[in-house]
Amino acid sequence: MKNNVKYPKAVLDELQFKNEHKQNVLNKIKQQNGEPRLVTKKRASRKVLFSGITAAAVFVILIGSANLSLGAAKVAAKIPYFHLFIQQEEYKHAAAEVIGDVANDKGYQLGSFELSIPDKKVKLGLRYSKSDYNNIKSHVEKNVNNALIANNFGSFDIITKRERVIVPEKEDPKVEKYQKESEALQQQIIDYLEKNHYQMPFPVEARINQFERFVYVAIPKTETRTEELKQFLDTTTALYGGKFKYRISKINMTAREQELRWGKNNIISILVGGLMANKEFKVSGFSYSFHPLPLQITIKTSVESSDGDAKDLAKRIEDEINSFIQTDDLTKEVRNDPYEITILSKDKKKIN
């Protein structure tokens, strides 16, 4: 079983905290010291949350006025890079949540959505007719910006565009029938596995449609009752007509358990996002696989192997990853897990 995430280019904005954000963090520090806090209109969960408030304050003070990059702020403040990246993502998600609340409260029909903290811009797609869009456009821009200001994010440039109104298609009776049969078959298989005490490393899948009849079942590598399982599938799928294709995977449970530990706090996603967000890392691709062990993390860069700085860049990337895994609060449960990092140049040569 292989898991891959590949990105051809950096897809995340390199966020920067501005002066107004500095005040927000300092208000939180004052609150911890018993001083009056700045009250916002939203409930506490809508405010920006930082796991290390002192480190966050140092970070904000450093780049709030100097306009330093995230990498430069990390070096100056001596704070682990991925720790700062997580704080940035928390800030961005909190701002997005405020916008989502406004849309839900006002009943706005949103389509596409883009939020850039460093550019102080929000791009919203509104799914309305031309006349309705013209009438509601200014209201959306005003209410979204007011909500961001009220929640200490400062003023944003709200940009809207009209998008096609999506009319839900009427459900095809055949499609609905296929869906119900797929769910029923899937549940029958799950009931059988649970009754007979099979472990299920991955969810059972059953697909019945006009193109295929397919069943996927994962069982531990040590499971010896494969033939019994096949016999059950033969008997059960016969009730649904047609010939089914089976895929029965035998999984290394040690690898699966490690995969679940890493997935618990989205550790791989943090690594991908953090590396792509920082242009200084020059990362152009990322892939990983837990099966077979040890976990393989492969990072592709845009530097040539002949570049004099290639090995230094690779060492920096590897050091940042290792530091994150060995020191961050989110990674406590995976610090003893084996993993290997391979960093490749643009010409596909190992440079670490």
Side-chain angles (χ1 to χ4, degrees), residues 1-16 68-75 77-90 92 118 252 254-352:
M1 187 73 182
K2 189 175 182 180
N3 295 294
N4 288 321
V5 176
K6 293 183 182 294
Y7 291 83
K9 61 180 181 178
V11 294
L12 297 175
D13 294 323
E14 188 171 351
L15 311 181
Q16 296 176 7
L68 296 178
S69 69
L70 181 59
K74 181 265 178 188
V75 172
K78 297 182 179 180
I79 301 170
Y81 169 76
F82 283 100
H83 182 66
L84 294 179
F85 173 74
I86 292 167
Q87 291 174 348
Q88 289 184 132
E89 288 301 285
E90 289 175 349
K92 186 174 182 179
N252 181 323
T254 302
R256 179 56 178 153
E257 288 161 4
Q258 178 175 341
E259 187 174 9
L260 291 171
R261 284 194 297 274
W262 285 64
K264 182 178 178 181
N265 288 322
N266 298 314
I267 295 170
I268 292 293
S269 295
I270 291 171
L271 291 177
V272 176
L275 292 173
M276 293 294 185
N278 194 337
K279 294 179 176 63
E280 295 174 12
F281 289 146
K282 300 181 180 180
V283 172
S284 58
F286 186 108
S287 65
Y288 68 97
S289 175
F290 288 90
H291 306 272
L293 286 177
L295 162 62
Q296 299 293 319
I297 297 174
T298 304
I299 298 164
K300 184 178 179 181
T301 68
S302 59
V303 298
E304 298 287 349
S305 59
S306 57
D307 190 315
D309 296 326
K311 289 191 177 296
D312 288 340
L313 175 64
K315 184 179 186 306
R316 181 184 170 195
I317 292 172
E318 189 169 4
D319 287 348
E320 291 291 359
I321 293 173
N322 289 332
S323 175
F324 169 60
I325 293 172
Q326 296 304 318
T327 64
D328 199 90
D329 288 342
L330 293 178
T331 60
K332 288 179 180 178
E333 296 181 27
V334 307
R335 288 176 191 169
N336 294 323
D337 287 343
Y339 64 91
E340 294 180 358
I341 302 171
T342 300
I343 302 177
L344 302 175
S345 62
K346 185 176 182 179
D347 47 333
K348 299 180 181 179
K349 293 183 179 180
K350 189 173 184 292
I351 55 176
N352 68 318

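Both backbone and side-chain heavy atoms feed into the values below; hydrogens, waters and symmetry mates do not. None of the values given here were measured: they were computed from a predicted structure.
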For this session: Could you tell me whether N336 atom CG has more than 12 heavy atoms of other residues or ligands within 6.0 Å of it?
Result: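 12 or below, so no.
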I'd like to know whether NZ of K264 has more than 12 heavy-atom contacts from other residues, nucleotides or ligands below 6.0 angstrom. no
Q.
Check this for me, if you would: do K349 and E304 make a salt bridge, where the nitrogen-to-carboxylate-oxygen distance has to be below 4.0 angstrom?
A. no
Charged N-O contact under 4.0 Å between R256 and E259:
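Salt bridge: yes.
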task = Check whether the ring centres of Y81 and F281 lie less than 6.0 Å apart, and answer yes or no.
result =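 Yes: the rings meet the under 6.0 Å criterion.
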Output the distance between atom [atom1] ([X]) and atom [atom2] ([Y]), rounded to the nearest 0.5 Å.
X    : Y    : atom1 : atom2 : result
R316 : E320 : CZ    : CD    : 6.0 Å
I268 : F290 : CD1   : CZ    : 4.5 Å
S305 : K346 : OG    : NZ    : 12.0 Å
I351 : T301 : CD1   : OG1   : 4.0 Å
K279 : K282 : NZ    : NZ    : 13.0 Å
I317 : L271 : CD1   : CG    : 11.5 Å

With a 4.5 Å cut-off on side-chain heavy atoms, are [Y] and [X] touching?
X    : Y    : answer
I267 : T331 : yes
I270 : I86  : yes
V283 : V272 : no
I297 : L295 : yes
F82  : L330 : no
V334 : Y339 : no

Is the backbone of [Y] close enough, under 3.5 Å, to the side chain of [X] for a donor and an acceptor to pair up by distance?
X    : Y    : answer
N322 : E318 : yes
N352 : I341 : yes
Q326 : F324 : no
T327 : S323 : yes

Heavy-atom closest contact ([X] atom, [Y] atom, distance):
X    : Y    : value
M276 : S284 : CE-C, 4.1 Å
D328 : H83  : OD1-ND1, 3.6 Å
Q258 : L293 : OE1-CD2, 3.2 Å

Point to revise | side chain to side chain contact (heavy atoms under 4.5 Å, CB included) between T298 and L344, intermediate numbers included | key: CA-CA 7 Å; T298 304; L344 302 175; 3.9 Å; yes
